[in-house]
Protein chains: 2
Amino acid sequence: MFPKLDPILHSELRLAVISLLAGVESADFTYIKQQTGATAGNLSVQLDKLSSAGYITVEKGFKGKMPRTTCSITPAGLEAFRKYIDALKEYIST
Amino acid sequence: MFPKLDPILHSELRLAVISLLAGVESADFTYIKQQTGATAGNLSVQLDKLSSAGYITVEKGFKGKMPRTTCSITPAGLEAFRKYIDALKEYIST
DNA sequence: ATAAACAAGTTTATATTATAAACCAAATTT
DNA sequence: AAATTTGGTTTATAATATAAACTTGTTTAT
């Protein structure tokens, strides 16, 4: 009746990140931080979790001389997001 | 952009309970336990939280000689559920 | 009549999670 | 060259979820 909700996605910040990445090719750390309003520390930790789960890729490079971290959603991430939304609907469709 | 999700409702079991109660007049502990598949301990704790938040009422009585706990959603609970759903849509409508 | 098993929960302990505070290295500005 | 800013990471703490253990009383079997 109530399907299990993917615990990786059932987190306010991680869900916001995935939602954001689902709509774009890629986004960098600073942009995600701005859009979500997260603190850098929290964002760093949650990006790690999404990355460890294989839901996003995190690439570190440089823009000029400054470090730059770029994130993209993976096919697995998109699929998990889709499934999460479907599961949620079982809860919220009264 | 990403609205805050009510932390009382952003919990798998509590959300299931509210979802269930939103559709009925009332439901007792055992029924909720069956429908959600929760352990009694977990359910007890989460019902307390929903009750403390004013989202449900919990009435203790007896059915014959056996104790029976009956739960109902409150108007505040229904409103919070509605708001939670609206907030969620900001996350999942890509 | 009493011991064993069951019902309906509650309390407490533990594991996990989320979050913020403190920190670090390098770049830029004054 | 000292101070500030950028772009993060690591670590510590607070909050949460969950299960295990316990309680109280009932029913069933011996």
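Sequence lines set the chain letters: A, B, ... in the order given, protein chains first and strands last, and positions in each chain run from 1.
With contacts defined as side-chain heavy-atom distances shorter than 4.5 Å, the pair B/Leu47/B/Cys71 qualifies. Side chains of B/Leu21 and B/Ile56 form a contact here, defined as non-hydrogen atoms less than 4.5 Å apart. Taking the side chain as every heavy atom from C-beta outward, B/Tyr91 and A/Leu88 never approach each other to under 4.5 Å. Residues A/Asp6 and A/Tyr55 have side chains in contact (heavy-atom distance under 4.5 Å, counting atoms from C-beta outward).
Between D/dT18 and B/Thr39, no contact under 4.0 Å exists linking OP1 or OP2 to a side-chain N or O. A/Lys49 has a side-chain polar atom (N or O) that falls below the 4.0 Å cut-off from OP1 or OP2 of C/dA18. Distances shown here put a side-chain N or O of A/Ser11 below 4.0 Å from the OP1 or OP2 atom of C/dA18. The shortest distance between the side-chain N/O atoms of A/Arg14 and the OP1/OP2 oxygens of C/dT17 is not below 4.0 Å.
Here D/dT6 is the nucleotide among C/dG9, D/dT6, D/dT9 with the atom lying nearest to any side-chain atom of A/Met66. Checking D/dT9, D/dA19, C/dT19 against the side-chain heavy atoms of A/Ser44 singles out D/dT9 as nearest. Nearest to the side chain of A/Thr69, among D/dG8, D/dA19, C/dA18, sits D/dG8. Here the nucleotide nearest the side chain of B/Phe29, chosen from C/dT12, D/dA17, C/dT10, is C/dT10.
Between the side chain of B/Arg68 and the main chain of B/Gly61, no donor-acceptor pair closer than 3.5 Å is present. Side-chain atoms of A/Thr74 come within 3.5 Å of backbone atoms of A/Gly54 as a donor-acceptor pair (strictly under, hydrogens ignored).
Rounding to whole angstrom units, CD of residue B/Gln46 and P of D/dA15 are separated by 16 Å. A/Leu13 has its CG atom 10 Å from the C1' atom of C/dT19, to the nearest Å. In this structure, B/Asp48 atom CG and D/dT18 atom C1' are separated by 15 Å, rounded to whole Å. Separating the CG atom of A/Asn42 from the P atom of D/dA14 is a distance of 16 Å, rounded to the nearest angstrom. The CG-P distance, from A/Leu5 to D/dA17, rounds to 12 Å in whole Å. For the pair A/Lys60 NZ and D/dG8 P, the interatomic distance rounds to 6 Å; values are reported in whole Å. D/dT18 atom P lies 9 Å from atom NE2 of A/His10, rounded to whole Å. The distance between atom OH of B/Tyr31 and atom P of C/dA8, rounded to the nearest whole Å, is 16 Å.
Nucleic acid contact class of A/Lys63 (heavy atoms, under 4.0 Å, all strands): none. Contacts of A/Glu12 with the nucleic acid, taken as non-hydrogen atoms under 4.0 Å apart, are absent. Across all strands shown, A/Lys33 has no heavy atoms under 4.0 Å from either base or sugar-phosphate atoms. A/Thr30 comes within contact range of the sugar-phosphate backbone alone, with a heavy-atom separation under 4.0 Å but no base atom that close.
Nearest-nucleotide positions on DNA chain C for A/Ile8 and A/Pro67 put A/Ile8 closer to the 5' end. Two residues, B/Lys65 and A/Gly41, neighbour DNA chain D, and the one matched to the more 5' nucleotide by heavy-atom proximity is A/Gly41.
With salt bridges taken as basic N to acidic carboxylate O contacts below 4.0 Å, one links B/Lys4 and A/Glu12.
For the atom pair CD1 of A/Ile8 and CG of A/Leu15, the computed distance is 12.5 Å after rounding to the nearest 0.5 Å.
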Q) How does DNA chain C read in dot-bracket, base by base from 5' to 3', with Watson-Crick or G-U pairs under 3.5 Å and | used when the partner is on another strand? A) ||||||||||||||||||||||||||||||
